[in-house]
Amino acid sequence: MGGMSEPFPLDLERLRRRPDVEDPTLQAHDATDVLLVQRGLEHARAHGLRGEQILIVGERHGAITLALAAAGLRGMLVHQDRLAHERALDRNADELGLAGSYGRLERVGDGAAGARLLLWQLPRQVGAVRRTVAELAAVPSGALLLAGGRVKHLSVGMNAPLAEGFGDVEPQLAERKSRLLLVHRDAERSLAVPPGGSASVTVGGQRLELRGEAESFGGAALDPGTRLLLDTLAARGTAAGNDPATVVDLGCGNGTIAAWAALTWPGARIEATDDSRDAVAAAAASLEASGVARRARVVRADGGDHLAEGAADVVLLNPPFHQGGTVHTGIATKLMREAARMLRPGGTLLCVWNSHLRYRPRLERLVGPTEQLARDRTFTVTASTRRG
Ligand SMILES: C[S@@+](CC[C@H](N)C(=O)[O-])C[C@H]1O[C@@H](n2cnc3c(N)ncnc32)[C@H](O)[C@@H]1O
């Protein structure tokens, strides 16, 4: 960590990822976190900033927040999209004796007016950068934004919303495959908050109105795997049984599956869950626009941890296969375990997955006997029966 004026304040190897997926190949910090902390601390010291004047956006498992806390700052305001990330931060804080050293923001904009320094792990979507910049309109002149990411995930398209909506952008040299952008708030600038996307689609015999948010999976688009899943179920007369009482859309993204299920099983109670704030907002908007909001509940949850064991007759799942920037199947395993936990014995998990991932043995082991319902060039659809 050459060039630092003070030693790095926290042993980052002590951070853990849980309840997010843990694996020896996955870390709880990256080089961008380190750069943001180093440059952020330098700036905070040089300007005598207090912790409450520092806004941290896009924090993952706590590397930025807890390093600042370990350096003696208190009251930083933190915004995170994923619930698993919020919980990892809190648990790491507890273990390091740093609980209570930061506050949490529901909306980034709520912390804007008091911010003098902003530390931002940039999302990969330009639209998400634009949306957050728009929410930062109240940041006062003289503030500094340090925005960073892995070089392979940054795009030049991000400079435009930063420059139009925040201030002059000064890209830094890449270090250990990460790069910081220094953005100086020189005057009042603002962007209009961009609308979330929308799409009308017909899938599995139902007409759906989908809505997206900046960080919800695929925006408002219909995922091709989900199309195969729902078309397959419709063609089979919804093989999962007639009118299940409780249906869960696990990892609901924009709520495509939940909206389809509400229209397909008029007697069922629909539970949609996702751990992303944006996904939950998008799913709620899709259900509303599709006219079925009153039939479904959308909850931000890690898996479906608010749902009791054995509570579901049917779970539908299109699992993610990325952890941050890397392809990793640990999250799929976690969600399959969750599906098994929430299904009643004899209940059905309907799952779609990229065929090359060969999930069938995993589904057999974690849930129960598994039958292939469909397969196209990319995806496989399976039905697994929860063993008693
Ligand atoms: C491949 S997308 C599928 C989205 C949607 N069901 C569809 O069919 O378009 C997987 C979803 O799982 C969500 N997810 C990831 N980790 C999760 C967790 N721990 N708990 C709940 N949802 C999670 C992601 O946010 C993402 O929206």
Side-chain angles (χ1 to χ4, degrees), residues 17-22 26 60-61 80-88 123-125 128 196-197 199 201 203-204 206 208 210-233 247-262 270-287 290 296 298-307 312 314-324 326-339 341-342 349-354 357 359 378-381:
R17 298 169 53 91
R18 50 63 192 116
D20 199 6
V21 174
E22 298 211 288
L26 297 171
R60 282 116 187 222
H61 307 93
Q80 295 167 285
D81 179 62
R82 294 198 165 277
L83 185 60
H85 286 166
E86 287 185 357
R87 291 187 176 159
R124 284 194 273 165
Q125 310 89 325
V201 302
V203 59
Q206 305 289 2
L208 309 178
L210 302 181
R211 299 291 180 264
E213 286 290 333
E215 290 189 55
S216 63
F217 170 80
L222 171 63
D223 178 70
T226 299
R227 173 178 286 287
L228 181 67
L229 171 69
L230 300 182
D231 283 346
T232 300
L233 297 179
V247 175
V248 179
D249 176 0
L250 184 56
C252 63
N254 62 23
T256 306
I257 294 174
W260 177 86
I270 312 296
E271 296 277 357
T273 85
D274 204 292
D275 86 326
S276 152
R277 286 181 193 281
D278 270 11
V280 165
S286 297
L287 289 160
S290 299
V298 188
V299 175
R300 183 166 176 250
D302 185 15
D305 54 4
H306 61 301
L307 297 172
V314 175
V315 176
L316 296 116
L317 173 64
N318 174 356
F321 55 95
H322 282 98
Q323 272 304 116
T326 32
V327 174
H328 194 280
T329 60
I331 185 66
T333 302
K334 173 172 160 170
L335 293 178
M336 287 173 196
R337 277 209 179 93
E338 265 296 274
R341 187 192 63 77
M342 64 178 72
L349 170 62
L350 298 162
C351 193
V352 61
W353 34 277
N354 273 58
L357 296 170
Y359 280 156
T378 316
F379 301 105
T380 300
V381 176

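Atoms within each ligand, like the ligands themselves, are counted from 1 in listed order. Values in this document were obtained by computation on a predicted structure and should not be read as measured data.
In terms of protein heavy atoms, atom 19 (N) of ligand 1 is closest to D302 OD1, 2.7 Å. Of the protein's non-hydrogen atoms, C252 O, 3.3 Å is the one closest to atom 5 (C) of ligand 1. Summary of contacts: the protein heavy atom closest to atom 1 (C) of ligand 1 is N318 O, 3.3 Å. Among protein heavy atoms, the minimum distance from atom 6 (N) of ligand 1 is reached at G251 O, 2.8 Å. Scanning all protein heavy atoms for the shortest distance to atom 16 (N) of ligand 1 gives I331 CD1, 3.5 Å. The protein atom (non-hydrogen) at minimum distance from atom 13 (C) of ligand 1 is D274 OD2, 3.3 Å. Scanning all protein heavy atoms for the shortest distance to atom 23 (C) of ligand 1 gives D275 OD1, 3.7 Å.
Interface of A301 with ligand 1, defined as ligand atoms under 4.0 Å from a residue heavy atom, comprises 20 (N), 21 (C).
Using a 4.0 Å cut-off between a side-chain N of Lys or Arg and a carboxylate O of Asp or Glu, E86 and R277 qualify as a salt bridge. The pair R87-D275 does not meet the salt-bridge criterion, since no charged nitrogen lies less than 4.0 angstrom from a carboxylate oxygen.
Using a 4.5 Å heavy-atom cutoff, the side chains of W260 and L233 are in contact. Residues D223 and T256 form no side-chain contact, since every pair of their non-hydrogen atoms from C-beta on lies 4.5 Å or further apart. Contact check for L307 versus E338: no side-chain heavy atoms found under the 4.5 Å cut-off. Between T378 and N354 the shortest side-chain heavy-atom distance falls below 4.5 Å. Side-chain contact between V381 and L350: absent, with no pair of heavy atoms (C-beta onward) separated by less than 4.5 Å. Using a 4.5 Å heavy-atom threshold, the side chains of R82 and D20 count as separate.
The shortest N/O to N/O separation between R82 and ligand 1 falls below 3.5 Å.
The residue among P320, G303, A258 with a heavy atom at the shortest distance from atom 18 (C) of ligand 1 is G303.
Proximity of S216 to ligand 1, defined as any heavy-atom pair under 4.0 Å, is not found for any part of the residue. The side chain of T226, and not its backbone, has at least one atom closer than 4.0 Å to an atom of ligand 1 (non-hydrogen atoms only; side chain from C-beta on). Contacts with ligand 1 closer than 4.0 Å are made by no heavy atom of L83, backbone or side chain. Proximity of I257 to ligand 1, defined as any heavy-atom pair under 4.0 Å, is confined to the side chain (atoms from C-beta onward).
Applying the side-chain contact (heavy atoms from CB on, under 4.5 Å) test between F379 and each of T232, L357, V352, N318 identifies V352 as the sole match.
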